[in-house]
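Note that this is a predicted model, so its numbers are computed, not measured.
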Amino acid sequence: MAEAALKTVPLHKARALRWLQKYGVYAGVALLLVVNVVITPHFLSAENFRTQAVQVAPVIVVALGMALVIGTEGVDLSVGAVMALAASVTALYLGYGLVPALLVVALFAAGVGLANGALVALVGVQPIVATLALMVGGRGLALVLLPQLKDLRNPQLASLGSGDVLGIPYLILIAAVLALLVAFTVRRTTFGRQLLAIGDSRPAAQLAGLPVRRVLIVVYVVSALLAAVAGVLATARLQASDPTSLGNLMELSAITAVVVGGTPLTGGRVNIAGTVAGAVLIQLLTATLIKHDLPPSWTQIAQAVVIVAAVYAARGRGKR
(Lines give C-alpha, C1' and ligand atoms only; values in the text may rest on other atoms or scores of the structure.)
Protein backbone atom coordinates (compact mmCIF):
# COMPACT_ATOMS: atom_id res chain seq x y z
CA MET A 1 0.00 0.00 0.00
CA ALA A 2 2.76 2.40 0.95
CA GLU A 3 4.75 1.44 -2.12
CA ALA A 4 1.77 2.06 -4.40
CA ALA A 5 1.24 5.51 -2.89
CA LEU A 6 4.90 6.40 -3.30
CA LYS A 7 4.86 5.45 -7.00
CA THR A 8 2.72 8.51 -7.69
CA VAL A 9 5.60 10.86 -6.80
CA PRO A 10 9.05 11.24 -8.37
CA LEU A 11 11.70 8.77 -7.23
CA HIS A 12 13.82 11.30 -5.33
CA LYS A 13 10.75 12.61 -3.51
CA ALA A 14 9.67 9.07 -2.67
CA ARG A 15 13.08 8.33 -1.16
CA ALA A 16 13.00 11.57 0.82
CA LEU A 17 9.53 10.71 2.10
CA ARG A 18 10.61 7.24 3.17
CA TRP A 19 13.60 8.72 5.01
CA LEU A 20 11.38 11.30 6.69
CA GLN A 21 8.93 8.63 7.77
CA LYS A 22 11.67 6.50 9.29
CA TYR A 23 14.10 9.02 10.73
CA GLY A 24 12.27 12.37 10.74
CA VAL A 25 11.57 12.41 14.49
CA TYR A 26 15.21 11.73 15.34
CA ALA A 27 16.34 14.42 12.90
CA GLY A 28 13.89 16.81 14.55
CA VAL A 29 15.32 16.09 18.00
CA ALA A 30 18.88 16.56 16.72
CA LEU A 31 17.95 19.83 15.02
CA LEU A 32 16.33 21.22 18.16
CA LEU A 33 19.38 20.24 20.21
CA VAL A 34 21.71 22.06 17.81
CA VAL A 35 19.48 25.13 17.72
CA ASN A 36 19.31 25.28 21.50
CA VAL A 37 23.06 24.86 21.86
CA VAL A 38 23.46 27.92 19.64
CA ILE A 39 20.70 30.23 20.90
CA THR A 40 19.80 29.11 24.44
CA PRO A 41 22.13 30.15 27.29
CA HIS A 42 23.26 27.36 29.65
CA PHE A 43 21.45 24.73 27.58
CA LEU A 44 24.32 22.26 27.91
CA SER A 45 24.30 22.35 31.70
CA ALA A 46 23.69 19.11 33.54
CA GLU A 47 20.90 20.72 35.54
CA ASN A 48 19.03 21.69 32.37
CA PHE A 49 19.25 18.18 30.92
CA ARG A 50 18.06 16.75 34.22
CA THR A 51 15.11 19.15 34.27
CA GLN A 52 14.10 18.35 30.70
CA ALA A 53 14.35 14.61 31.30
CA VAL A 54 12.30 14.75 34.50
CA GLN A 55 9.60 16.83 32.83
CA VAL A 56 9.30 14.52 29.82
CA ALA A 57 9.19 11.28 31.86
CA PRO A 58 5.40 11.36 32.56
CA VAL A 59 4.70 12.19 28.89
CA ILE A 60 6.74 9.18 27.79
CA VAL A 61 4.89 6.88 30.18
CA VAL A 62 1.48 8.03 28.95
CA ALA A 63 2.60 7.88 25.31
CA LEU A 64 3.66 4.24 25.74
CA GLY A 65 0.11 3.25 26.62
CA MET A 66 -1.29 5.45 23.86
CA ALA A 67 0.99 3.74 21.34
CA LEU A 68 -0.45 0.35 22.26
CA VAL A 69 -4.01 1.62 21.90
CA ILE A 70 -3.29 3.30 18.56
CA GLY A 71 -1.62 0.08 17.44
CA THR A 72 -5.06 -1.56 17.69
CA GLU A 73 -6.51 1.27 15.56
CA GLY A 74 -8.01 2.91 18.64
CA VAL A 75 -7.38 5.98 20.76
CA ASP A 76 -7.55 6.75 24.49
CA LEU A 77 -8.71 10.25 25.35
CA SER A 78 -9.10 9.45 29.06
CA VAL A 79 -5.38 9.35 29.96
CA GLY A 80 -5.28 12.93 31.27
CA ALA A 81 -8.32 12.30 33.45
CA VAL A 82 -6.71 9.12 34.80
CA MET A 83 -3.63 11.15 35.75
CA ALA A 84 -5.86 13.57 37.66
CA LEU A 85 -7.72 10.68 39.29
CA ALA A 86 -4.41 9.11 40.33
CA ALA A 87 -3.35 12.40 41.92
CA SER A 88 -6.61 12.67 43.87
CA VAL A 89 -6.52 9.07 45.11
CA THR A 90 -2.84 9.37 46.06
CA ALA A 91 -3.62 12.41 48.22
CA LEU A 92 -6.58 10.70 49.89
CA TYR A 93 -4.83 7.43 50.75
CA LEU A 94 -1.25 8.57 51.30
CA GLY A 95 -1.85 8.63 55.03
CA TYR A 96 -1.97 4.82 54.98
CA GLY A 97 1.48 4.67 53.38
CA LEU A 98 2.77 5.00 49.85
CA VAL A 99 2.35 1.34 48.86
CA PRO A 100 -1.32 1.07 49.96
CA ALA A 101 -2.03 4.37 48.20
CA LEU A 102 -0.43 3.09 44.98
CA LEU A 103 -2.50 -0.11 45.16
CA VAL A 104 -5.71 1.90 45.43
CA VAL A 105 -4.57 4.10 42.52
CA ALA A 106 -3.98 0.96 40.45
CA LEU A 107 -7.49 -0.29 41.26
CA PHE A 108 -9.09 2.98 40.20
CA ALA A 109 -7.02 3.11 37.00
CA ALA A 110 -7.75 -0.52 36.15
CA GLY A 111 -11.45 0.23 36.61
CA VAL A 112 -11.29 3.08 34.09
CA GLY A 113 -9.31 0.95 31.64
CA LEU A 114 -11.74 -1.95 32.09
CA ALA A 115 -14.67 0.35 31.37
CA ASN A 116 -12.95 1.71 28.25
CA GLY A 117 -12.07 -1.77 27.03
CA ALA A 118 -15.53 -3.18 27.71
CA LEU A 119 -17.23 -0.34 25.84
CA VAL A 120 -14.93 -0.82 22.84
CA ALA A 121 -14.57 -4.61 22.78
CA LEU A 122 -17.90 -5.85 24.14
CA VAL A 123 -20.42 -3.09 23.42
CA GLY A 124 -18.86 -1.98 20.13
CA VAL A 125 -18.63 1.74 20.94
CA GLN A 126 -16.09 3.68 18.88
CA PRO A 127 -12.88 4.20 20.91
CA ILE A 128 -13.00 7.98 20.57
CA VAL A 129 -16.55 8.06 21.99
CA ALA A 130 -15.95 5.53 24.76
CA THR A 131 -12.78 7.17 26.02
CA LEU A 132 -14.26 10.66 25.66
CA ALA A 133 -16.99 9.63 28.10
CA LEU A 134 -14.38 8.36 30.55
CA MET A 135 -12.30 11.51 30.02
CA VAL A 136 -15.19 13.66 31.21
CA GLY A 137 -16.37 11.27 33.91
CA GLY A 138 -12.87 10.52 35.21
CA ARG A 139 -11.98 14.19 35.58
CA GLY A 140 -15.29 14.79 37.33
CA LEU A 141 -14.64 11.94 39.76
CA ALA A 142 -11.15 13.27 40.46
CA LEU A 143 -12.61 16.66 41.37
CA VAL A 144 -15.31 15.09 43.55
CA LEU A 145 -12.65 13.20 45.49
CA LEU A 146 -10.35 16.22 45.81
CA PRO A 147 -11.91 19.55 44.73
CA GLN A 148 -8.76 21.64 45.11
CA LEU A 149 -4.98 21.70 45.26
CA LYS A 150 -3.49 19.83 48.20
CA ASP A 151 0.12 19.99 49.31
CA LEU A 152 1.63 16.61 50.15
CA ARG A 153 4.30 16.07 52.76
CA ASN A 154 5.38 12.46 52.56
CA PRO A 155 9.06 11.42 52.69
CA GLN A 156 8.56 8.36 50.46
CA LEU A 157 6.67 10.33 47.83
CA ALA A 158 9.27 13.11 47.99
CA SER A 159 12.02 10.54 47.48
CA LEU A 160 10.22 9.15 44.43
CA GLY A 161 9.91 12.61 42.93
CA SER A 162 13.42 13.92 43.64
CA GLY A 163 15.56 10.87 44.42
CA ASP A 164 18.09 9.30 42.07
CA VAL A 165 20.41 6.37 41.50
CA LEU A 166 23.96 7.31 40.51
CA GLY A 167 22.70 10.74 39.58
CA ILE A 168 19.86 9.43 37.39
CA PRO A 169 16.43 10.48 38.76
CA TYR A 170 13.95 7.76 39.64
CA LEU A 171 11.42 9.28 37.24
CA ILE A 172 13.78 8.80 34.29
CA LEU A 173 14.66 5.25 35.34
CA ILE A 174 10.99 4.31 35.68
CA ALA A 175 10.16 5.74 32.24
CA ALA A 176 13.13 3.94 30.68
CA VAL A 177 12.26 0.57 32.25
CA LEU A 178 8.63 0.88 31.17
CA ALA A 179 9.68 1.78 27.62
CA LEU A 180 11.89 -1.32 27.45
CA LEU A 181 9.10 -3.52 28.83
CA VAL A 182 6.54 -2.20 26.35
CA ALA A 183 8.98 -2.54 23.45
CA PHE A 184 9.72 -6.14 24.47
CA THR A 185 6.00 -6.88 24.76
CA VAL A 186 5.29 -5.55 21.27
CA ARG A 187 8.24 -7.21 19.57
CA ARG A 188 8.74 -10.50 21.40
CA THR A 189 5.47 -11.71 22.91
CA THR A 190 2.36 -13.42 21.60
CA PHE A 191 0.27 -10.63 23.08
CA GLY A 192 2.23 -8.06 21.07
CA ARG A 193 1.74 -9.98 17.83
CA GLN A 194 -1.98 -10.35 18.55
CA LEU A 195 -2.23 -6.61 19.25
CA LEU A 196 -0.65 -5.73 15.91
CA ALA A 197 -2.78 -8.28 14.05
CA ILE A 198 -5.94 -6.75 15.50
CA GLY A 199 -4.83 -3.29 14.45
CA ASP A 200 -3.95 -4.55 10.99
CA SER A 201 -7.37 -6.12 10.44
CA ARG A 202 -9.80 -6.89 13.24
CA PRO A 203 -12.10 -9.06 11.08
CA ALA A 204 -9.12 -11.13 9.92
CA ALA A 205 -7.92 -11.49 13.50
CA GLN A 206 -11.35 -12.73 14.55
CA LEU A 207 -11.45 -15.23 11.69
CA ALA A 208 -7.99 -16.45 12.73
CA GLY A 209 -9.35 -17.21 16.18
CA LEU A 210 -7.39 -14.55 18.06
CA PRO A 211 -8.83 -13.41 21.43
CA VAL A 212 -9.72 -9.97 20.06
CA ARG A 213 -11.97 -8.85 22.90
CA ARG A 214 -9.56 -9.93 25.61
CA VAL A 215 -6.59 -8.24 23.95
CA LEU A 216 -8.49 -4.98 23.47
CA ILE A 217 -9.61 -4.92 27.10
CA VAL A 218 -6.07 -5.61 28.32
CA VAL A 219 -4.68 -2.87 26.06
CA TYR A 220 -7.02 -0.24 27.51
CA VAL A 221 -6.32 -1.41 31.06
CA VAL A 222 -2.57 -1.14 30.44
CA SER A 223 -3.02 2.34 28.96
CA ALA A 224 -4.94 3.47 32.06
CA LEU A 225 -2.38 1.92 34.42
CA LEU A 226 0.48 3.69 32.62
CA ALA A 227 -1.45 6.98 32.80
CA ALA A 228 -1.89 6.40 36.53
CA VAL A 229 1.86 5.82 36.89
CA ALA A 230 2.45 9.12 35.09
CA GLY A 231 0.00 10.84 37.42
CA VAL A 232 1.80 9.53 40.49
CA LEU A 233 5.18 10.54 39.06
CA ALA A 234 3.95 14.05 38.29
CA THR A 235 2.41 14.33 41.76
CA ALA A 236 5.63 13.14 43.36
CA ARG A 237 7.68 15.68 41.41
CA LEU A 238 5.36 18.56 42.33
CA GLN A 239 4.79 17.36 45.91
CA ALA A 240 1.19 18.40 45.44
CA SER A 241 -2.06 16.94 44.11
CA ASP A 242 -3.90 19.22 41.69
CA PRO A 243 -6.69 17.36 39.85
CA THR A 244 -7.95 20.62 38.32
CA SER A 245 -4.92 20.99 36.05
CA LEU A 246 -2.83 17.80 36.19
CA GLY A 247 -3.07 15.90 32.92
CA ASN A 248 -4.80 18.69 31.01
CA LEU A 249 -4.21 18.13 27.26
CA MET A 250 -1.95 15.17 28.08
CA GLU A 251 -3.94 13.03 25.67
CA LEU A 252 -3.00 15.41 22.86
CA SER A 253 0.69 15.40 23.84
CA ALA A 254 0.67 11.60 23.95
CA ILE A 255 -1.06 11.25 20.58
CA THR A 256 1.38 13.76 19.09
CA ALA A 257 4.37 11.83 20.43
CA VAL A 258 3.02 8.55 19.04
CA VAL A 259 2.15 9.91 15.59
CA VAL A 260 5.34 11.95 15.22
CA GLY A 261 7.25 8.86 16.34
CA GLY A 262 6.08 6.83 13.37
CA THR A 263 3.08 4.85 14.63
CA PRO A 264 0.25 5.21 12.08
CA LEU A 265 -3.25 6.05 13.30
CA THR A 266 -4.50 3.23 11.06
CA GLY A 267 -3.06 0.66 13.47
CA GLY A 268 -1.07 -2.49 12.82
CA ARG A 269 2.29 -0.98 13.78
CA VAL A 270 3.82 0.36 17.00
CA ASN A 271 7.12 2.24 17.11
CA ILE A 272 8.20 2.52 20.76
CA ALA A 273 11.63 4.10 20.13
CA GLY A 274 9.98 6.66 17.86
CA THR A 275 7.31 7.34 20.49
CA VAL A 276 9.96 8.13 23.10
CA ALA A 277 11.76 10.36 20.59
CA GLY A 278 8.45 12.05 19.76
CA ALA A 279 7.85 12.86 23.43
CA VAL A 280 11.39 14.27 23.70
CA LEU A 281 10.79 16.36 20.56
CA ILE A 282 7.62 17.90 22.00
CA GLN A 283 9.35 18.58 25.33
CA LEU A 284 12.34 20.25 23.65
CA LEU A 285 10.05 22.33 21.45
CA THR A 286 8.01 23.48 24.45
CA ALA A 287 11.10 24.23 26.55
CA THR A 288 12.70 26.19 23.71
CA LEU A 289 9.68 28.46 23.33
CA ILE A 290 9.38 28.97 27.10
CA LYS A 291 13.07 29.76 27.54
CA HIS A 292 12.77 32.47 24.90
CA ASP A 293 9.75 34.07 26.63
CA LEU A 294 7.14 33.10 24.06
CA PRO A 295 3.59 32.69 25.43
CA PRO A 296 2.08 29.21 25.97
CA SER A 297 -0.24 29.74 23.00
CA TRP A 298 2.79 29.53 20.70
CA THR A 299 3.56 26.09 22.12
CA GLN A 300 0.12 24.86 21.07
CA ILE A 301 0.55 26.36 17.60
CA ALA A 302 3.97 24.71 17.27
CA GLN A 303 2.55 21.34 18.30
CA ALA A 304 -0.21 21.72 15.73
CA VAL A 305 2.40 22.35 13.03
CA VAL A 306 4.34 19.27 14.15
CA ILE A 307 1.19 17.13 14.00
CA VAL A 308 0.30 18.33 10.51
CA ALA A 309 3.87 17.69 9.33
CA ALA A 310 3.83 14.19 10.82
CA VAL A 311 0.49 13.31 9.24
CA TYR A 312 1.70 14.67 5.89
CA ALA A 313 4.87 12.59 6.09
CA ALA A 314 2.82 9.53 7.01
CA ARG A 315 0.78 9.62 3.80
CA GLY A 316 0.71 6.15 2.30
CA ARG A 317 2.61 4.63 5.20
CA GLY A 318 -0.39 2.52 6.10
CA LYS A 319 -0.20 -0.68 8.02
CA ARG A 320 2.40 -3.35 8.16
Side-chain angles (χ1 to χ4, degrees), residues 58-90 93 99 101-139 141-142 174-175 177-199 202 205-206 210-234 247 250-251 254-255 258 263 267 270 272 275:
V59 182
I60 290 174
V61 174
V62 175
L64 293 173
M66 188 67 74
L68 295 179
V69 174
I70 290 177
T72 65
E73 202 176 4
V75 69
D76 188 353
L77 299 182
S78 68
V79 289
V82 173
M83 288 183 67
L85 186 60
S88 295
V89 174
T90 299
Y93 288 90
V99 173
L102 294 181
L103 291 175
V104 178
V105 167
L107 288 175
F108 271 84
V112 174
L114 188 61
N116 281 330
L119 287 172
V120 172
L122 303 181
V123 182
V125 178
Q126 289 291 328
I128 192 171
V129 177
T131 58
L132 178 62
L134 270 296
M135 178 182 80
V136 177
R139 179 74 64 175
L141 178 58
I174 292 171
V177 170
L178 289 174
L180 291 174
L181 286 175
V182 173
F184 177 82
T185 299
V186 171
R187 289 176 171 268
R188 301 295 182 183
T189 67
T190 300
F191 176 81
R193 289 189 288 272
Q194 292 173 341
L195 181 156
L196 297 179
I198 292 169
R202 189 181 301 185
Q206 290 172 330
L210 298 183
V212 174
R213 292 179 175 179
R214 185 177 68 196
V215 171
L216 287 174
I217 290 174
V218 172
V219 164
Y220 281 95
V221 170
V222 170
S223 177
L225 288 173
L226 288 173
V229 170
V232 172
L233 294 181
M250 178 59 77
E251 58 279 350
I255 293 170
V258 173
T263 297
V270 175
I272 296 302
T275 295

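- When all heavy atoms are compared, the tightest approach of V221 to A110 is CG2-O, 4.1 Å.
- Residue M83 holds its CE atom at 8.5 Å from CG of L233, rounded to the nearest 0.5 Å.
- L68 has its side chain within reach of V182: a pair of non-hydrogen atoms, C-beta onward, lies under 4.5 Å apart.
- Interatomic distance, CD1 of I272 versus CZ of R187, reported as 9.0 Å (0.5 Å rounding).
- The side chain to side chain donor-acceptor pair (under 3.5 Å) analysis of residues 211-233, with sequence neighbours excluded, yields the pairs D76-S223.
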Should V215 and L210 be marked as a side-chain contact (heavy atoms from CB on, under 4.5 Å) after you check the CA-CA gap, both sets of side-chain angles, and the distance that decides it?
-> CA-CA 9 Å; V215 171; L210 298 183; over 6 Å; no

Less than 3.5 Å apart, which donor and acceptor atoms pair up between the side chains of residues 111-132 and the rest of the protein, not counting sequence neighbours?
{"from": "N116", "atom 1": "ND2", "to": "S78", "atom 2": "OG", "distance (Å)": "3.0"}
{"from": "T131", "atom 1": "OG1", "to": "L77", "atom 2": "N", "distance (Å)": "3.1"}
{"from": "T131", "atom 1": "OG1", "to": "P127", "atom 2": "O", "distance (Å)": "2.7"}

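- For F191, the CZ atom counts as densely surrounded, since its 6.0 Å shell holds more than 12 non-hydrogen atoms of other residues, nucleotides or ligands.
- The side-chain heavy atoms of L216 and I198, taken from C-beta on, include a pair separated by under 4.5 Å.
- Here the side chains of R202 and E73 are not in contact, with every heavy-atom distance at 4.5 Å or above.
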Do T189 and Q194 pass the side-chain contact (heavy atoms from CB on, under 4.5 Å) test, and can you show the C-alpha distance, the side-chain angles, and the key distance before you say yes or no?
-> CA-CA 9 Å; T189 67; Q194 292 173 341; over 6 Å; no

Please walk me through it: do T190 and R193 pass side-chain contact (heavy atoms from CB on, under 4.5 Å)?
-> CA-CA 5 Å; T190 300; R193 289 189 288 272; 3.4 Å; yes

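- Tested against V177 for a side-chain contact (heavy atoms from CB on, under 4.5 Å), the candidates L181, L180, I174 yield a single pass: L181.
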